[in-house]
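Here the structure comes first, spelled out in structure tokens, and everything after it is commentary.
Since the model is a prediction, treat every value here as computed from it, not as a measurement. Residue numbering restarts at 1 for every chain, and letters A, B, ... go by the order of the sequence lines.
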Protein chains: 2
Amino acid sequence: MNISEVARRTDLPPKTIRYYEEIGLIRPARDANGYRAFADSDVHKLAFLGRARALGFSIEDCRTLLALYEDDARASADVKRVAQDHLDRIEEKLAQLRSMRDTLTHLVHECAGDNRPDCPILQDLARD
Amino acid sequence: MNISEVARRTDLPPKTIRYYEEIGLIRPARDANGYRAFADSDVHKLAFLGRARALGFSIEDCRTLLALYEDDARASADVKRVAQDHLDRIEEKLAQLRSMRDTLTHLVHECAGDNRPDCPILQDLARD
DNA sequence: ATAGGGGTTCCAGTCACGGGAAGGTCAAGG
DNA sequence: CCTTGACCTTCCCGTGACTGGAACCCCTAT
């Protein structure tokens, strides 16, 4: 299976697939002409990676998760820890973004948005 | 005023201050010895930039906001548009993160987190 | 023979800095 | 006067996870 077919099936750009090989997440075989020859197992791994990335896991988390997935002797506790840590980071990020949003919402609401120069947004940014 | 004093007052790292000069956000004078000589106006601008960055504005947004701040003939509508666009991006990001969080929370809750290999998190990532 | 649509590698750029090296400057102490 | 140590300077590399583009190879159909 060639890369564009795999891209279609996994909904990952060819560039991303090559990158994942470069950093050792997958190791597709090669045809005599040098083209990558993807097996079903490669496609499966890429789909796994795509879903993990869609959940916001870092590449290194994905590497860990994939290793756990392929380890029959894994403990689900190890998987859960990775997921829980990631979830904690997401909650932090959410809190930070909510804080920004609340401040911005307030400022935007206060601003007349007309032709005059007076602007509470700039006043806030320039406060002493 | 030397850079470390400015860093202290603005709560920005010296590296960041040098970077902001490099990309043209500020233009501090220089002493005869080559040291940057910051004026109060530079400190003021840096504080402005620090607050804008803390609200998540990109560097380019900051450049725009600073230009508007220094333009007496600005229209508050221009400021408001920058802020509203940024707010829209934040709302998008929030929705995305909430979606990730909801999925992850569910999966983490389902996972036993013990010594056994069975794991709904991996099952979900590997679903066909 | 050629045209096109694959594939390949490699290099550069993104964003907003941070780390660290190599070296100049300044004030204080011996 | 010399040294020490804390400043300051520039310069280059690395970050994460790709994306764009150049230059080139391969395969099939006309």
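The side-chain heavy atoms of A/Ile17 and A/Asp42, taken from C-beta on, include no pair separated by under 4.5 Å. Within the 4.5 Å cutoff, no side-chain heavy atoms of A/Leu12 are placed close to those of A/Tyr19.
Remark: the backbone N or O of B/Val82 is not paired with any side-chain donor or acceptor of B/Asp85 at under 3.5 angstrom. Proximity of a side-chain donor or acceptor of A/Asp114 to a complementary backbone N or O of A/Arg116 within less than 3.5 Å is detected. No donor-acceptor pair under 3.5 Å is formed between the side chain of B/Arg101 and the backbone N or O of A/Glu91. A donor-acceptor pair under 3.5 Å is absent between the side-chain atoms of A/Thr10 and the main chain of A/Ala47, judged by distance alone.
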Can you list, pair by pair, the side-chain donor-acceptor contacts under 3.5 Å of residues 118-128 of chain A, counting residues two or more places apart and other chains?
| residue | atom | partner | partner atom | Å |
| --- | --- | --- | --- | --- |
| A/Asp124 | OD2 | A/Arg127 | NH1 | 3.1 |
| A/Arg127 | NH1 | A/Asp124 | O | 2.9 |

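Regarding A/Arg30, its CZ atom lies at a distance of 6 Å from the P atom of C/dT8, rounded to whole Å. In this structure, A/Ile3 atom CD1 and C/dT9 atom C1' are separated by 12 Å, rounded to whole Å. In this structure, A/Asp31 atom CG and C/dG7 atom P are separated by 12 Å, rounded to whole Å.
In this structure, A/Glu21 does not pair ionically with A/Arg18, as no charged nitrogen and carboxylate oxygen lie closer than 4.0 Å.
Within the 4.0 angstrom heavy-atom criterion, only backbone atoms of the sugar-phosphate kind lie near B/Arg36; the bases stay farther away.
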At under 4.0 Å between heavy atoms, how does the protein contact nucleotides 15-28 of chain C? Give one character per nucleotide, 5' to 3', with B, S or -.
-BBSBB---BBS--

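End-to-end axis angle of the helix from C/dA1-D/dT30 to C/dG30-D/dC1, using five pairs per end and rounding to 10°, comes to 40°.
Applying the salt bridge (charged side-chain N to carboxylate O under 4.0 Å, His left out) test to residues at least two apart or on different chains, the pairs with a partner in residues 57-66 of chain A are A/Glu60-A/Arg63.
Evaluation of the ring pair (Phe, Tyr, Trp, His ring centres under 6.0 Å) rule for B/Tyr35 yields no partner, not counting sequence neighbours.
On the nucleic acid side, DNA chain D has its first and last nucleotide under 4.0 Å of a heavy atom of chain A at D/dA17 to D/dC27, going 5' to 3'.
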